[in-house]
Amino acid sequence: MFRPFLALAAMASVVIAAPAPLYAQQAADTPVLNRSDVETIVREYLIANPEVLEEAFMALQTKRQATADAERAEALASVRDDLESSTNSAVLGNPDGDVTLVEFFDYNCGFCRRALSDLDELIEGDPNLRVVLKELPVLGEGSVRAAAVSIAVHNIAPEAYPEFHKKLLSSEGRADDQVAFAVVDEMGLPRDEIEVAMRSDKVRDTVSESNRLARLLQIEGTPSYVIGDVVEQGAVGVDQLRARINQQRCGEDVC
């Protein structure tokens, strides 16, 4: 793809770098290229063949993506236990399922709210799916406060957490601790105990763990999903998630 350009550059560099004896062997009318000549030739070549720049940029992007994928794969192998088996994370679906889907979410993420139905559909249609939820409050102080209540609910009343999570993620307007406690009160959960649990190290440790994992896996927003060795960023839809689950389970998009 780059042979004409590379050949030209290589030829020019040889001429510039050639030792004096080589010049003595050249015919008297053979031009000797200096740096200015080479720069002019390269400039004229690029102007005449601008597609080379696009090809070079695409090659650079491909190389960078390959490097990022390799780094992510290495990171996934090193954090698998924290990602899928941490006691800081809530688990939905079948806790003994054969495939684990990890979701990073924020209660103020509009795409997370719309993607809630995707997870519901996947869990209802797949009795062997295990879903791990990672609190990643990246959308302001309200998200941090809502996450603190959510983590406390998971610690104090884990059996009530799935319903609490769905209600809070389905709430209208911006989520914060007040909105989260409205859900706590609606469900009749022990508010006093949850308020105490909010101030525990468990809340800080849970959020710190999610932030660390997101950084290592180069996750830049919510929702993001990890299924096996694949990281999907964004609300990719139920069909793509189901295909990833099937690929993990049987190596095909459809099992």
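Values in this document were obtained by computation on a predicted structure and should not be read as measured data.
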Linked, directly or transitively: [X] and [Y] (ILVMFWY side chains, under 4.5 Å):
X      : Y      : answer
Val132 : Leu217 : yes
Val144 : Phe164 : no
Leu53  : Ile41  : yes
Val79  : Val131 : no

- Query: Are Arg43 and Glu39 within salt-bridge range, i.e. N to O under 4.0 Å?
  - Reply: no
- Taking 4.0 angstrom as the limit, do Asp205 and Lys202 come out as a salt bridge?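 Judged by the 4.0 Å cut-off on N to carboxylate O distance, Asp205 and Lys202 do not form a salt bridge.
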- Task: Start with the C-alpha distance between Thr206 and Asn155, add both sets of side-chain angles, then the distance that settles side-chain contact (heavy atoms from CB on, under 4.5 Å), and finish with yes or no.
- Result: CA-CA 11 Å; Thr206 299; Asn155 292 332; 5.6 Å; no
- In terms of heavy-atom contacts, Arg80 and Gly228 come closest through NH1-O, 2.7 Å
- Task: Determine, step by step, whether Asp126 and Arg242 satisfy the salt bridge (charged side-chain N to carboxylate O under 4.0 Å, His left out) criterion, reporting the C-alpha distance in whole Å, the side-chain angles of both residues, the deciding distance to 0.1 Å, and the verdict.
- Result: CA-CA 9 Å; Asp126 188 342; Arg242 185 180 288 115; over 6 Å; no
- Query: Could you go step by step and tell me if Arg113 and Asn108 meet the side-chain contact (heavy atoms from CB on, under 4.5 Å) rule?
  - Reply: CA-CA 8 Å; Arg113 292 177 176 180; Asn108 279 311; 3.6 Å; yes
- Task: Kindly indicate, with the supporting measurements, whether the criterion side-chain contact (heavy atoms from CB on, under 4.5 Å) is fulfilled by Ile245 and Ile227.
- Result: CA-CA 7 Å; Ile245 292 167; Ile227 306 169; 4.2 Å; yes
- Message: Let me confirm one number: the OH-OG1 distance from Tyr107 to Thr222, rounded to the nearest 0.5 Å.
- Response: 12.0 Å
- List the steps and the verdict of salt bridge (charged side-chain N to carboxylate O under 4.0 Å, His left out) for Glu84 and Arg130. CA-CA 9 Å; Glu84 297 183 354; Arg130 179 174 178 266; 5.1 Å; no
- Looking only at atom types and distance, does a side-chain atom of Ser78 sit under 3.5 Å from a main-chain N or O of Ala75, one as donor and one as acceptor? yes
- Query: Does the Asn49 side chain pair with the main chain of Val52, one donor and one acceptor, at a distance under 3.5 Å?
  - Reply: no
- Query: Relative to each other, are the rings of His165 and Tyr161 parallel, tilted or perpendicular (30° and 60° limits)?
  - Reply: parallel
- Query: Could you go step by step and tell me if Ser224 and Lys134 meet the side-chain contact (heavy atoms from CB on, under 4.5 Å) rule?
  - Reply: CA-CA 10 Å; Ser224 287; Lys134 294 290 187 184; over 6 Å; no
- Message: Using a 6.0 Å cut-off, check whether atom CD of Glu172 has over 12 heavy atoms from anything other than its own residue.
- Response: no
- Message: Can you tell me if Met187 has over 12 outside heavy atoms packed within less than 6.0 Å of its CE?
- Response: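 Atom CE in Met187 is packed in, count exceeds 12.
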Between [X] and [Y], does any side-chain donor sit less than 3.5 Å from a side-chain acceptor?
X      : Y      : value
Ser150 : Glu135 : yes
Gln247 : Asp253 : yes
Gln233 : Glu220 : no
Ser143 : Asp106 : yes

- Query: Relative to Tyr225, does Arg244 satisfy both conditions: NZ or CZ under 6.0 angstrom from the six-membered ring centre, and within 45 degrees of the ring's axis?
  - Reply: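 So Arg244 doesn't make the cation-pi contact.
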- Mind running salt bridge (charged side-chain N to carboxylate O under 4.0 Å, His left out) on Asp185 and Arg191 for me, showing each step along the way? CA-CA 7 Å; Asp185 294 339; Arg191 180 173 181 140; 2.7 Å; yes
